[in-house]
Amino acid sequence: MLIAITRELEKNLIQKIADRYGVHYETLNFTIPPKIEMGELALPVAFDLARKVKRPPAVIAGELASDAGAMPGIWKVDVAGGYLNFHLDRGAFTLELAQSIERQQFGRISEPDQAGKIIVEHTNINPNKAAHIGHLRNATLGDSFVRCLRFLGHQVEVQNYLDNTGVQVADVVVGLERMENKTVDDLAGVKGKFDYYCWDVYARVADFYQKSEENRKLRSLTLQAIEKGDNSTAEVAEHVAMRIAKAHLKTMARINVQYDLLPRESEILHLRFWEKAYQLLKERRSIYFVEEGKNRGCWVMNTAEQAGSAVPREEAEDDEKIIVRSDGTVTYVGKDIAYQLWKFGLLGLDFNYALFETGNDHPLWITAREKDPESTQPPAFGHADRVYNVIDSRQAYLQNIVVQGLKALGFEKEAANSVHFSYEMVALTPACCEELGFPLSEQDRKRPFVEVSGRKGLGVKADDLLDALVQKVLTEIRARHELPEEESEKIARIVAVGALRYFLLRFARNTIIAFDFKEALNLDGETGLYVQYAVVRAKNIFRKLLESGEDCPKASDSYPDLGEFLTGNDEIWEIVYLAARLPEIVRQIAQSLELGQLCKYAFSLAQKFNLFYHRHHILSETDKRRKQNLLLVADLVSRQLEEALYLLGCEVPPKM
RNA sequence: GCGCCCGUAGCUCAGUUGGAUAGAGCGUUUGACUACGAAUCAAAAGGUCGCAAGUUCGAGUCUUGCCGGGCGCACCA
């Protein structure tokens with residue numbers, strides 16, 4: 001809606017500028033004036049034109065203002081300095097917004113900006129230990145991004161890749177089989193949180209490897225046994241990977257994260273995805289065999305900007321990334337290239353699929369080795385036009401190689417549409433490490449943060465953090481309300497998840513989150529809870545209104561003096577205008593991938609609403625028309641806030 | 001050594017493709033519940049945007065150099 005008005009305005013002005021000055025712009029950059037009294041949209045184009053036509057900006061702005069006066073949706077235009085400031089028709093705009101919200105459109109225009117299917121891959125936790133806070137950041141970023149894309153009308157498929165045959169799983173299997181002497185049957189009998197159990201085992205494997213060369217050899221022997229299949233070690237690996245994957249899904253379900261498909265590495269191997277990709281890479285000469293030097297016997301990809309025979313061997317070596325090892329096994333990057341090709345439908349192969357039981361109503365599929373004749377028809381997976389891989393920034397180098405692989409194969413368009421959704425890690429503050437009972441070296445204690453390490457068992461487990469949050473919220477609820485325990489717990493869960501997701505999403509992607517319990521468990525100030533509370537307050541107004549037998553206003557009702565009311569109330573109009581900007585914010589996020597912008601938006605809208613709530617006591621308002629206007633505003637703000645919360649993956653509790 | 005990222009209030013962080021007076025939260029100080037529930041609101045104090053040049057109508061934002069910190073650059077993923 002707002003976007004439509006802006007586009008219309010842009011189109012008209014570009015034309016007017018061309019007619020009057022003979023200067024042609026492709027786009028115009030609208031900004032927002034510092035104060036709402038100055039208007040809703042500002043355009044500094046006169047500064048730029050001033051240079052081009054050699055006349056003062058204020059004069060140019062004045063001329064454009066008179067041209068732009070009679071445009072649809074624009075009430076008036078004025079000039080300040082060299083800025084062109086546009087004022088919207090407040091009453092008409094507000095009613096249109098209210099109607100759009102009532103249609104569940106939230107003020108957006110209906111068509112997506114670009115058609116085509118989008119795949120978002122996120123979470124991707126190695127299924128060998130419990131999920132930690134770093135994984136939560138990945139999953140919340142990925143999940144909220146998916147929600148935003150779907151809000152904009154895109155078709156999105158969410159994939160959570162399971163590296164069920166990798167080194168990390170092998171390490172835990174070594175620990176279980178060789179250190180703990182466990183068989184599959186023993187493991188099946190392990191009660192309690194299996195992912196926690198493996199967390200501890202995994203943390204001890206490093207020491208086990210340190211002890212002897214023989215122990216270290218077990219790693220590759222185990223890995224080979226897993227890849228080969230049909231043996232007891234492979235069975236243990238299968239048990240571990242799937243059981244832990246289920247634990248991860250359960251953890252993620254707690255924070256409202258769901259997936260459409262679980263592609264497994266084992267299928268990429270068994271269904272020979274890699275062999276197909278290997279063949280393609282060799283045919284197109286994207287990789288080559290090295291006869292001598294340190295990479296002797298390997299198939300490598302040259303990652304230099306301009307590779308050529310002119311470069312001496314020793315230098316070329318530094319730019320080579322090994323894709324196939326000298327023992328003939330493929331590296332992770334190789335498998336990832338195959339997987340990425342499949343995502344775009346370029347591999348000419350497909351997985352088999354089976355439904356995966358999750359206990360919730362969202363259907364989840366998993367790749368399977370064999371076709372299941374009994375299974376219902378799976379949806380058409382893959383064949384994306386655009387792919388986002390949510391992976392932390394330390395893997396930027398590898399993501400680049402995958403994209404280079406696509407380019408080398410001639411898939412330029414797909415390479416350009418492969419996006420590394422990069423974000424920085426969650427680390428621990430030194431204080432947090434000590435709280436967890438981890439001794440730190442003198443050097444580490446001086447550092448701003450300490451990296452989470454699964455190998456050392458150093459990290460805050462996702463479920464533990466959530467439990468701590470739920471407990472904290474629960475004590476707050478008990479102090480405020482007398483409710484049945486079950487209801488308190490339900491509210492506590494919603495509030496805790498809101499707080500957690502908001503906390504993880506509010507930072508910019510390339511900000512390292514130095515995790516600290518005090519900060520993460522904080523429930524004051526800029527938190528998800530604050531936004532939830534604003535909605536709860538708004539809903540209380542409408543609940544009371546209904547209880548007293550009055551009707552809630554509808555967008556289709558008549559509001560005879562709404563325009564006048566808003567013209568006389570800049571503060572209230574400012575709230576409405578901010579509420580209308582939700583789709584614009586979401587559209588920005590589709591570009592910037594910065595979910596923090598949505599947090600900031602929701603928070604500032606909630607802040608303005610709380611002030612509004614404080615200043616205008618609606619239910620006791622005696623002027624009927626004024627009351628109706630206030631109710632309309634409260635309603636539309638509350639609904640936009642609820643939608644923003646939904647996009648952040650947060651729910652609204654019935655009370656708090 | 002090469003590549004990428006970050007230095008903004010006491011602390012934790014925002015700051016759209018360069019735009020109008022650099023913003024939030026926490027913490028500190030002070031005030032507001034007989035109200036749609038105060039998990040709230042109001043007010044105050046707090047800044048050489050790491051340093052120095054440059055680009056231009058305009059720089060926290062772009063360029064270069066320097067200082068300080070982080071992350072990559074495996075026949076691991």
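Chain letters run A, B, ... following the sequence lines, proteins first and then strands; every chain starts at 1.
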Taking OP1 and OP2 of [N], is either one under 4.0 Å from a side-chain nitrogen or oxygen of [X]?
X	N	answer
Arg219(A)	rA77(B)	no
Tyr397(A)	rC73(B)	no
Arg537(A)	rC36(B)	no
Arg506(A)	rA14(B)	no
Tyr613(A)	rA38(B)	yes

>> Using a 6.0 Å cut-off, check whether atom CD of Glu482(A) has over 12 heavy atoms from anything other than its own residue.
In response: no
>> More than 12 heavy atoms of other residues, nucleotides or ligands under 6.0 Å from NZ of Lys294(A): yes or no?
In response: yes
Side chain of [X] only, please: which of [options] is the nearest?
X	options	answer
Thr511(A)	rG70(B), rA35(B), rA14(B)	rA14(B)
Asn510(A)	rC5(B), rG69(B), rA39(B)	rC5(B)
Arg447(A)	rG70(B), rG25(B), rA14(B)	rG70(B)

Pick base, sugar-phosphate or nothing for [X], based on heavy-atom distances below 4.0 Å to the nucleic acid.
X	answer
His420(A)	nothing
Ile477(A)	base
Thr331(A)	sugar-phosphate
Phe603(A)	sugar-phosphate
Arg296(A)	base
Ser620(A)	nothing
Ile512(A)	sugar-phosphate
Ser326(A)	base

>> Can you list, in residue-number order, the parts of residues 490-504 of chain A that come under 4.0 Å of RNA chain B, counting heavy atoms only?
In response: none
> Which residues in residues 162-175 of chain A have at least one heavy atom lying under 4.0 Å from any atom of RNA chain B?
Replying inline: Asp163(A), Val167(A)
>> Here's one to test your reading of the geometry: is the NZ or CZ of Arg509(A) within 45 degrees of the ring axis of Phe421(A) and under 6.0 Å from its centre?
In response: yes
> Can you list the stems that include RNA chain B, where a stem is three or more consecutive Watson-Crick or G-U pairs with distances under 3.5 Å?
Replying inline: B:1-7 with B:67-73, B:10-13 with B:23-26, B:28-32 with B:40-44, B:50-54 with B:62-66
> Between rA20(B) and rC49(B), how far is it from one P atom to the other, in whole Å?
Replying inline: 16 Å
> When you compare rG18(B) with rU55(B), how far apart are their C1' atoms, in angstrom units rounded to a whole number?
Replying inline: 11 Å
Charged N to carboxylate O below 4.0 Å: is that the case for [X] and [Y]?
X	Y	result
Glu489(A)	Arg493(A)	no
Arg501(A)	Glu651(A)	no
Glu547(A)	Lys544(A)	no
Asp163(A)	Arg264(A)	no
Asp623(A)	Lys627(A)	no
Lys608(A)	Glu571(A)	no
Glu265(A)	Lys335(A)	yes
Asp392(A)	Arg394(A)	yes
Lys600(A)	Glu526(A)	yes

>> Nearest 0.5 Å, please: how far is CG in Asn85(A) from OG1 in Thr31(A)?
In response: 8.0 Å
>> If the condition is side chain to side chain contact (heavy atoms under 4.5 Å, CB included), which residues does Thr511(A) pass it with, not counting sequence neighbours?
In response: Phe507(A), Ala508(A)
> Quick one: are Lys52(A) and Tyr21(A) in side-chain contact, heavy atoms under 4.5 Å?
Replying inline: no
> Is there a side-chain contact between His616(A) and Arg626(A) (heavy atoms, below 4.5 Å)?
Replying inline: yes
> How are the rings of Phe517(A) and Phe515(A) set to each other: parallel, tilted or perpendicular (split at 30° and 60°)?
Replying inline: perpendicular
> Taking the six-membered ring where the residue is Trp, are the ring centres of Tyr339(A) and Phe273(A) under 6.0 Å apart?
Replying inline: no
> Tell me, for nucleotides 15-23 of chain B in 5' to 3' order, what letter each nucleotide earns: B for a base near a protein heavy atom under 4.0 Å, S for only sugar-phosphate near one, - for neither?
Replying inline: -BB-BBB--
Tabulate atom names and distances for all N/O pairs under 3.5 angstrom spanning the protein and nucleotides 42-47 of chain B.
none

>> With the 90 degree cut-off around zero defining syn, does rC57(B) come out syn or anti?
In response: anti
